[in-house]
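What follows is a set of notes on a single structure, which appears directly below.
A note on names: the letters A, B, ... follow the listed sequences, proteins ahead of strands, and every chain is numbered from 1.
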Protein chains: 2
Amino acid sequence: MNISQAAKMSGLPTKTVRYYADINLVQSQGRSKAGYRTYSETEVRKLIFVRRAREFDFTIEECRELLSLFEDRDRSSADVKNLATKRLKQIEKKQHELQSLHDELAHLVQACRGDHRPDCPIIDYFG
Amino acid sequence: MNISQAAKMSGLPTKTVRYYADINLVQSQGRSKAGYRTYSETEVRKLIFVRRAREFDFTIEECRELLSLFEDRDRSSADVKNLATKRLKQIEKKQHELQSLHDELAHLVQACRGDHRPDCPIIDYFG
DNA sequence: TGTTGACCTTCCCGTTAGTGGAAACATTAA
DNA sequence: TTAATGTTTCCACTAACGGGAAGGTCAACA
């Protein structure tokens with residue numbers, strides 16, 4: 001199948017599929033006589049795999065690593081679990097950061113009267 | 001004072017201070033005869049203001065907006081509160097996203113034995 | 001057969017918010 | 001005088017694509 005068909009089946013934009021081929025993340029099966037990229041279900045499966053991993057905010061490099069585990073019939077599940085656990089820790093760290101951000105800002109917003117007068121604890125805090 | 005002094009006082013890297021001048025976010029007070037940027041406490045205050053706002057993940061454009069409110073003695077606190085509230089909503093949205101991400105991934109990690117065998121629900125889920 | 005329209009290719013530029021480095025000029029201390 | 005910083009501009013790079021141009025290909029329809 002052509003690239004747009006593979007894109008549709010994988011749920012990715014065509015541009016992205018081409019990009020993944022360019023950076024050697026998911027290569028096309030081959031090329032047609034005219035130079036069109038051709039895709040089979042194997043590549044589509046990999047594209048879907050990458051899309052799902054990206055939805056979990058795995059970076060492209062992490063996707064590359066996961067993909068090699070995915071393709072390796074002899075990988076151990078421990079390797080995969082390690083990667084996923086690492087990602088989980090990153091997410092939890094980000095959650096904590098976001099939480100303090102939220103609390104501080106919420107406190108400032110709550111303290112601000114929000115009327116026509118220029119007095120504003122938010123500006124005061126910043127400035 | 002010179003740029004590195006302003007950088008130190010504002011808590012920003014010199015490169016960033018120069019960048020903010022380039023994009024017209026915080027201009028230097030002027031230039032010395034040799035062409036060095038000069039800074040006064042006024043600019044340092046603005047730099048600190050921007051640094052704090054950036055720590056709250058306000059974008060540069062939002063900083064620009066906030067800065068104009070900051071510089072406008074006649075602004076109403078309502079304008080500032082609106083901006084901050086918008087940002088707060090964004091943060092809360094991001095928190096929800098991160099939460100479902102976390103829960104799904106945690107579930108997968110928990111379900112994975114993580115031993116030497118290749119069976120892995122994480123890979124199964126992705127692939 | 002011609003041609004229209006949809007699809008494909010490569011290439012380059014833009015995004016965010018800077019960071020890193022190079023070449024050249026300025027200032028300061030020994 | 002020389003060496004070590006400090007500063008300038010400019011250019012390239014980051015992540016992960018998206019937009020659009022210029023040109024080649026393919027299928028359908030009159």
Side-chain angles (χ1 to χ4, degrees), chain A residues 1-40 43-44 46-67 87 90-91 94 97 101, chain B residues 1-40 43-44 46-67 87 90-91 94 97 101:
Chain A
M1 69 187 91
N2 281 342
I3 196 167
S4 65
Q5 182 67 16
K8 187 174 294 177
M9 285 179 67
S10 65
L12 288 168
T14 304
K15 272 275 193 183
T16 301
V17 177
R18 199 174 284 120
Y19 173 69
Y20 286 168
D22 284 351
I23 64 171
N24 224 332
L25 182 62
V26 179
Q27 282 296 347
S28 66
Q29 188 191 28
R31 297 277 187 150
S32 75
K33 275 166 293 185
Y36 287 16
R37 289 179 183 81
T38 59
Y39 287 85
S40 73
E43 286 79 37
V44 170
K46 291 183 194 173
L47 288 170
I48 292 173
F49 179 94
V50 171
R51 177 175 58 75
R52 295 221 180 116
R54 289 284 303 133
E55 282 167 8
F56 279 97
D57 275 356
F58 284 90
T59 67
I60 293 289
E61 287 316 306
E62 285 167 336
C63 286
R64 215 185 280 279
E65 228 175 315
L66 280 172
L67 209 48
R87 185 83 265 282
Q90 288 170 13
I91 290 174
K94 187 76 188 170
E97 290 171 9
L101 212 71
Chain B
M1 67 189 90
N2 282 343
I3 195 167
S4 63
Q5 181 67 18
K8 185 174 294 177
M9 285 178 68
S10 65
L12 289 168
T14 303
K15 273 272 192 184
T16 301
V17 176
R18 199 173 284 121
Y19 173 69
Y20 286 168
D22 284 352
I23 64 171
N24 225 332
L25 182 63
V26 179
Q27 283 296 349
S28 65
Q29 187 191 30
R31 298 275 187 150
S32 74
K33 272 165 294 183
Y36 287 15
R37 288 177 183 82
T38 59
Y39 287 85
S40 73
E43 286 79 37
V44 170
K46 291 182 192 172
L47 288 170
I48 292 173
F49 180 93
V50 170
R51 177 175 60 74
R52 297 221 179 117
R54 289 286 302 134
E55 282 167 7
F56 280 96
D57 275 356
F58 283 91
T59 66
I60 294 289
E61 287 315 305
E62 286 168 335
C63 286
R64 214 185 281 278
E65 225 176 319
L66 279 171
L67 210 49
R87 187 82 265 283
Q90 288 169 15
I91 290 174
K94 187 76 188 170
E97 290 170 10
L101 214 70

Nearest whole Å is fine: how far is [N] [atom2] from [X] [atom1]?
X        : N       : atom1 : atom2 : result
Met1(B)  : dG6(D)  : CE    : C1'   : 16 Å
Tyr39(A) : dC8(C)  : OH    : P     : 10 Å
Leu12(A) : dA16(D) : CG    : P     : 14 Å
Lys8(A)  : dA6(C)  : NZ    : C1'   : 12 Å
Leu25(A) : dA15(D) : CG    : C1'   : 13 Å
Gln5(A)  : dC8(C)  : CD    : C1'   : 14 Å
Leu47(A) : dC17(D) : CG    : P     : 12 Å
Lys33(B) : dC25(C) : NZ    : C1'   : 16 Å

Donor-acceptor pair, side chain of [X] and main chain of [Y], under 3.5 angstrom:
X        : Y        : answer
Arg51(A) : Ser10(A) : yes
Gln5(B)  : Asn2(B)  : no
Arg37(A) : Gln27(A) : no

Considering heavy-atom distances to DNA chain D, does Ile3(B) or Pro13(A) have its closest nucleotide positioned more toward the 5' end?
->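 The residue mapped nearer the 5' terminus is Ile3(B).
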Atom pair OH/CG of Tyr20(B) and Leu47(B) - distance to nearest 0.5 Å |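 If we round to the nearest 0.5 Å, Tyr20(B):OH and Leu47(B):CG are 8.5 Å apart.
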Does Val44(B) reach the side chain of Met1(B), with side-chain heavy atoms less than 4.5 Å apart?
->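 In contact.
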Distance below 4.0 Å between Ser32(A) side-chain N/O and dT25(D) OP1 or OP2 =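 No, Ser32(A) has no side-chain N/O under 4.0 Å of OP1/OP2 on dT25(D).
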Taking only the side-chain nitrogens and oxygens of Asn2(B), find out if one of them lies under 4.0 Å from OP1 or OP2 of dG6(D).
->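 Answer no for this pair, as no side-chain N or O of Asn2(B) is under 4.0 Å from OP1 or OP2.
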Full working for side-chain contact (heavy atoms from CB on, under 4.5 Å) between Ile60(A) and Arg54(A) = CA-CA 8 Å; Ile60(A) 293 289; Arg54(A) 289 284 303 133; 4.0 Å; yes
Selection from [options] that lies nearest to any side-chain heavy atom of [X]:
X        : options                   : answer
Ile60(B) : dT7(D), dG18(C), dT19(C)  : dG18(C)
Arg54(B) : dT9(D), dT7(D), dA17(C)   : dA17(C)
Ala34(A) : dT25(D), dT10(C), dT27(C) : dT25(D)
Arg37(A) : dG18(D), dT9(C), dT8(D)   : dT9(C)
Thr59(B) : dT25(D), dA17(C), dT10(C) : dA17(C)

What are the two closest heavy atoms between Pro13(A) and Ala7(A), and how far apart are they?
->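 Closest approach of Pro13(A) to Ala7(A): C-CB, 4.2 Å.
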Name every residue in residues 15-24 of chain B that has at least one heavy atom under 4.0 Å from any atom of DNA chain C, in order of residue number, or write none if there are no such residues.
->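 The stretch gives Lys15(B), Thr16(B), Tyr19(B), Tyr20(B) as the residues lying under 4.0 Å from the strand, ordered by number.
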